[in-house]
Amino acid sequence: AVFLFFMLPLPPRFSDLLASPLQSVATMGSVAILQAIGQPVLSEGNVIWVGTQRLEVAEACRGLSMLLSFIALITAMVILVKRPIWQRLVLLASTIPVALLCNIIRIAVTAVLYKQFNRPVETVHDWAGLAMMVLALGCVAVELMIMDWLVIEEAQTQQVLVRTSYGPQPGPQA
């Protein structure tokens, strides 16, 4: 029943409230990545200048629809997948950072491919948009692996102790 909440559209007031910050974060993050990999870029508001080419981070690129889709996907995963409650809560808490990261990467890849191959930005943008959910799911898979590596559950600890014990086990003293 909780999952049906995602069928409802966001209220326009809430969408408008998130639009500008998401757009700014996407622009700043993309510029930081592009500069880190050595691309000559500058930003002016929500416009990224890649050399002499202008790439606008439009309202459609703010990542809100991706964010909502990703939250719905992770919520379904949390409901359906058997994991400890703390891992489920960590997954839910990480949906926003992972969606933002994937959107930033999409914009940066769009800028690099746009400059490299001089293709129309719409073509590059569409293909990068399709890859976002795959990238987000890959981030979640890595997150789950890290959580499994960091914490050893008590049942697993007991099995390891039993397997590594050699010789007769000490019994109760009479």
Side-chain angles (χ1 to χ4, degrees), residues 6-78 80-81 83 87-150:
F6 292 108
M7 288 178 46
L8 302 172
L10 269 181
R13 187 176 198 184
F14 189 67
S15 181
D16 293 341
L17 180 69
L18 290 175
S20 182
L22 286 174
Q23 208 169 1
S24 296
V25 168
T27 302
M28 291 185 307
S30 301
V31 167
I33 287 176
L34 290 165
Q35 288 175 342
I37 62 172
Q39 293 292 322
V41 295
L42 293 171
S43 67
E44 291 178 354
N46 292 321
V47 174
I48 301 173
W49 288 94
V50 184
T52 59
Q53 298 173 348
R54 183 178 192 270
L55 181 66
E56 182 179 354
V57 180
E59 282 189 27
C61 299
R62 65 186 177 214
L64 187 58
S65 59
M66 169 62 181
L67 175 66
L68 295 175
S69 299
F70 188 62
I71 290 172
L73 181 68
I74 295 303
T75 301
M77 186 175 166
V78 164
L80 298 174
V81 175
R83 287 279 182 163
Q87 287 187 3
R88 293 175 185 200
L89 293 174
V90 168
L91 281 177
L92 284 174
S94 70
T95 55
I96 293 172
V98 168
L100 286 172
L101 174 69
C102 291
N103 193 38
I104 289 168
I105 291 171
R106 176 185 59 88
I107 293 168
V109 166
T110 299
V112 168
L113 294 177
Y114 179 59
K115 181 178 187 246
Q116 193 72 26
F117 298 109
N118 203 20
R119 296 269 184 218
V121 74
E122 294 82 17
T123 304
V124 175
H125 179 271
D126 292 346
W127 283 104
L130 291 173
M132 279 180 66
M133 192 60 75
V134 175
L135 178 61
L137 289 175
C139 289
V140 168
V142 168
E143 184 178 4
L144 288 171
M145 286 189 313
I146 290 171
M147 284 191 284
D148 285 343
W149 290 336
L150 289 177

Chemist: For V140 and F70, work out which heavy atoms get closest and say how close.
Modeler: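 Here V140 and F70 meet closest at CG2-CZ, 3.4 Å.
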Chemist: Which pair of heavy atoms, one from S43 and one from V31, lies closest together, and at what distance?
Modeler: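 Closest pair (atom of S43, atom of V31, distance): CB-CG2, 3.6 Å.
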Chemist: Evaluate the criterion side chain to side chain contact (heavy atoms under 4.5 Å, CB included) for residue pair I48 and I107; output intermediate values, then yes/no.
Modeler: CA-CA 10 Å; I48 301 173; I107 293 168; 4.0 Å; yes
Chemist: I need the M147 CE to S94 OG distance, nearest 0.5 Å.
Modeler: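 Nearest 0.5 Å value for the CE-OG distance: 7.0 Å.
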Chemist: Output the distance between atom OG1 (T27) and atom CG (L22), rounded to the nearest 0.5 Å.
Modeler: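 Reported to 0.5 Å precision, the distance equals 10.5 Å.
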Chemist: Between R88 and V81, is there a donor-acceptor pair closer than 3.5 Å when you use the side chain of the first and the backbone of the second?
Modeler: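 Confirmed, R88 side chain pairs with V81 backbone.
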Chemist: Write down the atom of I71, the atom of T95, and the distance for their closest heavy-atom approach.
Modeler: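 In this case the closest contact between I71 and T95 is CG1-OG1, 3.6 Å.
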Chemist: Output the distance between atom CD1 (I105) and atom OG1 (T110), rounded to the nearest 0.5 Å.
Modeler: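 Interatomic distance, I105 CD1 to T110 OG1, rounded to 0.5 Å: 11.5 Å.
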Chemist: What's the separation between atom CE in M28 and atom CD1 in I33, rounded to the nearest 0.5 Å?
Modeler: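 Reported value, rounded in 0.5 Å steps: 12.5 Å.
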Chemist: Take V98 and I74 through the side chain to side chain contact (heavy atoms under 4.5 Å, CB included) test and state the conclusion after the steps.
Modeler: CA-CA 11 Å; V98 168; I74 295 303; over 6 Å; no
Chemist: Do you know the tightest heavy-atom contact between L135 and C102?
Modeler: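 So the minimum-distance heavy-atom pair works out to CG-SG, 3.7 Å.
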Chemist: Could you report the tightest heavy-atom contact between L34 and A111, atom names first, then the distance?
Modeler: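 So the two residues come closest at CD1-CB, 3.7 Å.
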Chemist: Looking at every heavy atom in both R83 and D148, which two are closest together, and how far apart are they?
Modeler: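 So the minimum-distance heavy-atom pair works out to NH1-OD1, 2.9 Å.
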Chemist: Would you say the side-chain atoms of Q87 pair up with the backbone N or O of L144, donor to acceptor, closer than 3.5 Å?
Modeler: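 Looks like no, no N/O pair under 3.5 Å.
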